[in-house]
Amino acid sequence: MAKLRAGIVGATGMVGQRFVTLLDNHPYFEITALAASARSAGKTYIEAVGERWKLEEPMPECVKNMTIFDASDIDAIKPHVDFVFCAVDMKKDEIRALEEAYAKKEIPVVSNNSAHRWTEDVPMLIPEINDGHAKIIESQKKRLGTKKGFISVKPNCSIQSYVPLITPLLDFEPTEIVVTTFQAISGAGKTFKDWPEILDNVIPYIGGEEEKSEQEPLKVWGKIRCGKIHNAKGPKITAQCIRVPASNGHLAAVYIRFKNKPSKEEILKRWKEFSGKPQELGLPHAPKQFITYFEEDNRPQTALDRMIEGGMGISAGRLREDSVYDYKFIGLSHNTLRGAAGGAVLSAELLYREGYLG
């Protein structure tokens with residue numbers, strides 16, 4: 001079967017670069033269009049990115065000499081793509097308008113951006129957790145007046161380090177969660193080269209992250225009713241988000257209280273056995289073991305464990321009873337793989353296999 005033609009809108013930024021590497025030799029998709037701002041349009045990809053290539057992996061040969069489109073010139077891009085990934089750096093209202101414009105031109109959009117996360121008929125997917133939310137796409141297409149154009153988004157990278165660990169425990173009815181995330185600089189699109197002031201430093205504020213960390217899990221755990229995704233009513237979540245001098249990887253310290261407290265053994269069993277539709281379908285970027293628990297007191301560690309399962313797995317450790325809450329534990333995820341481009345690619349793989357793409 002022929003591969004679907006994938007465009008990358010916002011291809012020159014860090015997440016766009018990650019999309020490029022993940023889609024190189026992908027079994028379902030091939031890169032057929034790269035788009036960015038007007039100042040990059042008309043240049044080859046290697047000319048536009050130049051020394052701003054931020055990843056350890058080399059730039060794939062297949063994209064180096066591709067000419068970049070202006071992201072706003074949808075009519076020029078449309079003949080070359082079956083769908084697009086979107087990771088643009090623009091104001092939220094501009095992103096919302098741009099993504100809807102692509103969808104209304106019958107180009108499905110799989111977005112890394114936050115602009116449409118709270119649109120009630122746009123699924124916000126963590127594919128192992130809420131693959132059923134893809135059904136809302138049919139309602140969205142009716143609203144947009146499209147036959148195949150739609151928007152799907154992924155949640156904030158910060159919640160990937162703890163929401164997958166809480167999800168298998170929801171039937172024990174967690175009531176309160178306190179989480180502090182220690183977030184890598186790549187979450188801000190930075191490297192140590194262009195952000196030297198982060199060295200030997202910790203910044204106790206990341207704009208907008210705490211609100212996202214507290215609210216987005218409730219949509220992920222929500223239910224579809226009457227053509228909309230209705231947020232879960234609980235648990236209550238309070239978060240602090242801190243920028244730390246790590247290149248990649250978001251680590252979370254979590255405290256949790258349950259209505260019906262499980263045993264430690266039951267929690268560990270749930271984590272070990274938890275899987276979802278990506279594992280069932282054998283999707284290319286699905287981790288075989290979604291959650292890995294470390295018995296060592298000093299694990300998971302950001303540098304050692306962020307690449308587990310190719311950066312698509314979730315790590316956990318230090319599960320123990322707490323003197324104030326029922327339990328506390330540590331979670332870890334790779335923020336630009338599982339949390340950003342990799343999560344979007346996995347969502348696209350799911351949407352492809354479920355018949356929403358192509």
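Computed over heavy atoms, backbone and side chain alike; hydrogens, waters and symmetry mates excluded. Just so you know, these numbers come straight off a predicted model, no measurement behind them.
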Exercise for review: Taking only Lys NZ, Arg NE, NH1 and NH2, and the carboxylate oxygens of Asp or Glu, determine whether K104 and E100 approach each other closer than 4.0 Å.
Suggested key: yes
Point to revise | Whether Y45 and W53 hold their rings parallel, tilted or perpendicular, with breakpoints at 30° and 60° | key: perpendicular
Check your understanding: Does the side chain of Q279 pick up a donor-acceptor pair with the side chain of E128 at under 3.5 Å?
Key -> yes
**Study point:** Distance-only donor-acceptor check, side chains S158 and T181, under 3.5 Å
**Key:** no
Review point. Under the 3.5 angstrom rule, does the side chain of K154 hit a backbone N or O of G339 as a donor-acceptor pair?
Key: yes
Check your understanding: Any side-chain heavy atom of I95 sitting closer than 4.5 Å to one from K91?
Key -> no
Exercise for review: Go through the side-chain N and O atoms of S186 and N248 and say whether any donor and acceptor fall under 3.5 Å apart.
Suggested key: yes
Check your understanding: Hey, which of T302, D305, L165, I291 is the one that makes side chain to side chain contact (heavy atoms under 4.5 Å, CB included) with S315?
Key -> D305
Study note, to complete from the structure: Value for OG1 (T191) from CD1 (I198), rounded to nearest 0.5 Å, stands at 12.0 Å
Review point. Counting N and O atoms only, with roles assigned by atom type, does the side chain of S263 sit under 3.5 Å from a partner on the main chain of E266, one being a donor and the other an acceptor?
Key: yes
Exercise for review: Spell out, as yes or no, whether a donor-acceptor pair under 3.5 Å connects the side chain of D194 to the backbone of K190.
Suggested key: no
**Study point:** Q160 side chain to N335 side chain, donor-acceptor N/O pair below 3.5 angstrom
**Key:** no
Point to revise | Distance-only polar pair, side chains of T21 and E57, donor-acceptor under 3.5 Å | key: no
Practice item. Could you label the plane-to-plane angle of the Y255 and Y325 rings as parallel, tilted or perpendicular, counting under 30° as parallel and over 60° as perpendicular? Key: tilted
Practice item. Fit a plane to each ring of H26 and Y28, take the angle between them on a 0 to 90° scale, and name the class: parallel (under 30°), tilted (30 to 60°) or perpendicular (over 60°). Key: perpendicular
Review point. Between the main-chain N or O of K54 and the side-chain N or O of Q17, is there a donor-acceptor pair closer than 3.5 Å?
Key: yes
Practice item. Verify whether one side chain among T336 and R18 offers a donor that lies under 3.5 Å from an acceptor in the other. Key: yes
Exercise for review: May I ask you to check whether E47 and T44 show a side-chain donor-acceptor distance below 3.5 Å?
Suggested key: yes
Review point. Given the rule in the salt bridge (Lys or Arg N to Asp or Glu O under 4.0 Å) test, do K277 and E354 qualify, once you have shown the distances and angles that lead to the verdict?
Key: CA-CA 10 Å; K277 187 58 70 86; E354 296 284 85; 3.7 Å; yes
Review point. Can you tell me how far CE of M307 sits from CG of L337, rounded to the nearest 0.5 angstrom?
Key: 5.5 Å
Review point. Will you find, in the side chains of E209 and Q183, an N or O donor that is under 3.5 Å from an N or O acceptor?
Key: yes
Exercise for review: Give a yes or no on whether the backbone of R318 and the side-chain of R320 come within a donor-acceptor separation of less than 3.5 Å.
Suggested key: yes
Practice item. Apply salt bridge (Lys or Arg N to Asp or Glu O under 4.0 Å) to the pair E273 and K269, showing each step before the final yes or no. Key: CA-CA 6 Å; E273 295 177 354; K269 182 176 184 289; 3.3 Å; yes
Check your understanding: Mind checking what makes side-chain hydrogen bond (donor to acceptor under 3.5 Å, both in side chains) contact with N260, not counting sequence neighbours?
Key -> E173
Point to revise | Listed partners of P108 passing side-chain contact (heavy atoms from CB on, under 4.5 Å), at least two apart | key: F83, F150, L357
Point to revise | Under-4.0 Å salt bridge between R5 and D82 | key: yes
